[in-house]
*Asks:* 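Got a structure for you, written out below as structure tokens; questions coming shortly.
Numbers restart at 1 for each chain; the letters A, B, ... are given by sequence-line order, proteins then strands.
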There are 2 protein chains.
Amino acid sequence: MRQVGDLSASVGYAMKEAASALRSAMDDALRPLDLSVSQYSSLEVLGQRPGISAAELARRTFVTRQSMHGVLTGLAARGLLTRPDAAPQGRALPTELTAAGRDLLRQASRAVAEVESRMVEGLSAEDLRRLHGDLVRCAETLRGGTTTG
Amino acid sequence: MRQVGDLSASVGYAMKEAASALRSAMDDALRPLDLSVSQYSSLEVLGQRPGISAAELARRTFVTRQSMHGVLTGLAARGLLTRPDAAPQGRALPTELTAAGRDLLRQASRAVAEVESRMVEGLSAEDLRRLHGDLVRCAETLRGGTTTG
DNA sequence: CACCGTATGTCAGGATACTGACATGCGGCA
DNA sequence: TGCCGCATGTCAGTATCCTGACATACGGTG
């Protein structure tokens, strides 16, 4: 393949299309809770990995740590999470959800789960498993940095 | 499913991961040509559908027409595309690539095709076809607006 | 003809994410 | 001990994208 060619046949275009539709649907679902997708993602990761650093959180939500800094500042101002003033060791400031944060996360996670299940409602369990595996493989391959293959 | 649950099992999370990796790889591949992903996407769509309006172009590249306005202004200033001063009919201004635009698109499309083929290098032709179909189906289902399913 | 709904282009403002840069803390190594 | 590499947090500036709003042009309907 020398060039991209017909976009309707491009996997990358389809991925962008699906990701865009997902983001848009998540935005709609989260708007009543006054949460952006990035904010929700941060809460969700923090719920599963309490006490991780902002840099680690950034990597897991696929943004830079500079962007994550702004997100955390906003969420902390709303009392949804807490960060120590000083690092207990090294430079990392372990972040944790407050009770309010956990409560809002519960609502948000429910709304997002609805979006996700609607998204894949036309797929069988096996299709779903394979789709998930293929997506993860694509991401790993790209990040791997194999220049050509 | 009431909540999202383990993120490593979430299709939405995997989709975000893959889309993020793809965008990042495309950014790297396009940087030498001084093109952003949005700019490249616009050129690619314009190459396949010369003369479409900015609003139509925006829909096909998954951004708002306001964002597209800025993209087109920038590309036009670089002489990569042309837009008439007045609409030949209605309000739509049919946009077309210049020779320089087509030339740059050719280079960009080659770079992006390399990224795409690297991304799916671990998948068989049938896997690829199915992945593409599943992604398109997910996007259509989400946009369909079925509230629950 | 007048009115209304829809689509397009555009301007303004704000939110978000990125690159670049700098300081701090830890660990390895001479 | 001193030096270097690396990771983290943070600030500043820039680029990008979004929502909201307004004017314009077309088509349908009374």
*Asks:* Whole-Å distance between C:dA17 C1' and A:Gln39 CD?
*Replies:*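 Rounded to the whole Å, the gap is 13 Å.
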*Asks:* What is the distance from CZ of A:Arg91 to P of D:dT10, rounded to the nearest Å?
*Replies:* 7 Å
*Asks:* Quick one: does A:Pro84's side chain get under 4.5 Å of A:Pro94's, heavy atoms only?
*Replies:*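 Result yes, sub-4.5 Å side-chain heavy-atom pair found.
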*Asks:* Rounding to a whole Å, what distance do you find between A:Arg23:CZ and C:dA15:P?
*Replies:* 16 Å
*Asks:* Answer yes or no: does a side-chain N or O of A:Ser67 lie under 4.0 Å from OP1 or OP2 of C:dC18?
*Replies:*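 Indeed, a polar side-chain atom of A:Ser67 lies that close.
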*Asks:* Hey, does the side chain of B:Thr64 come within less than 4.0 Å of D:dC17's phosphate (OP1/OP2), counting only N and O?
*Replies:*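 Negative; the distance criterion is not met.
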*Asks:* From CG of B:Leu72 over to P of D:dC17, roughly how many Å is that when rounded to an integer?
*Replies:* 11 Å
*Asks:* Given atom CG of B:Asp34 and atom C1' of D:dA15, what is their separation to the nearest angstrom?
*Replies:*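 It is 12 Å, rounded to the nearest whole Å.
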*Asks:* Judged by each residue's nearest nucleotide on DNA chain D, which is more toward the 5′ side, A:Arg31 or A:Ile52?
*Replies:*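 Its nearest nucleotide being more 5', the pick is A:Ile52.
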*Asks:* Between A:Val71 and B:Ala55, which has a closest nucleotide on DNA chain C that is more 5'?
*Replies:* B:Ala55
*Asks:* I would like to know whether A:Gln39 and A:Leu80 meet side chain to side chain contact (heavy atoms under 4.5 Å, CB included); could you show each step before the answer?
*Replies:* CA-CA 10 Å; A:Gln39 290 173 324; A:Leu80 300 174; over 6 Å; no
*Asks:* Report yes if a side-chain nitrogen or oxygen of A:Ser53 is closer than 4.0 Å to either non-bridging phosphate oxygen (OP1 or OP2) of D:dA7; otherwise report no.
*Replies:* no
*Asks:* Specify the separation, in whole Å, of atom CZ of B:Arg78 and atom P of D:dA15.
*Replies:* 13 Å
*Asks:* For C:dG9, does the base pair up with any side-chain atom of B:Gln66 as donor and acceptor (N or O, under 3.5 Å, distance only)?
*Replies:*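 Not at all, since no donor on one side and acceptor on the other fall under 3.5 Å apart.
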*Asks:* Under 4.0 Å between a Lys/Arg side-chain N and an Asp/Glu carboxylate O for A:Arg137 and A:Asp134?
*Replies:* no
*Asks:* Reading DNA chain C from 5' onward, which residue's closest nucleotide shows up sooner: A:Met68 or A:Gln89?
*Replies:*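 Closer to the 5' end of DNA chain C: A:Met68.
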*Asks:* Between A:Arg143 and B:Glu17, is there a side-chain N and carboxylate O pair less than 4.0 Å apart?
*Replies:*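 Salt bridge present between A:Arg143 and B:Glu17.
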*Asks:* Checking only heavy atoms, does the side chain of B:Arg65 share a donor-acceptor pair with the base of C:dA7 at less than 3.5 Å?
*Replies:* no
*Asks:* In whole angstrom, give the distance that lies between atom CG of A:Leu57 and atom C1' of D:dG9.
*Replies:*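 Result: 13 Å.
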*Asks:* Distance check: side-chain N/O of A:His69 vs OP1/OP2 of D:dT10, anything under 4.0 Å?
*Replies:* yes
*Asks:* With the threshold set at 4.0 Å, does a side-chain nitrogen-carboxylate oxygen contact exist between A:Glu56 and A:Arg59?
*Replies:*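 Looking at A:Arg59 together with A:Glu56, the answer is yes, because their closest N to O distance falls below 4.0 Å.
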*Asks:* Among the nucleotides C:dT10, C:dT19, D:dT10, which one has an atom lying closest to any side-chain atom of B:Arg83?
*Replies:* C:dT10
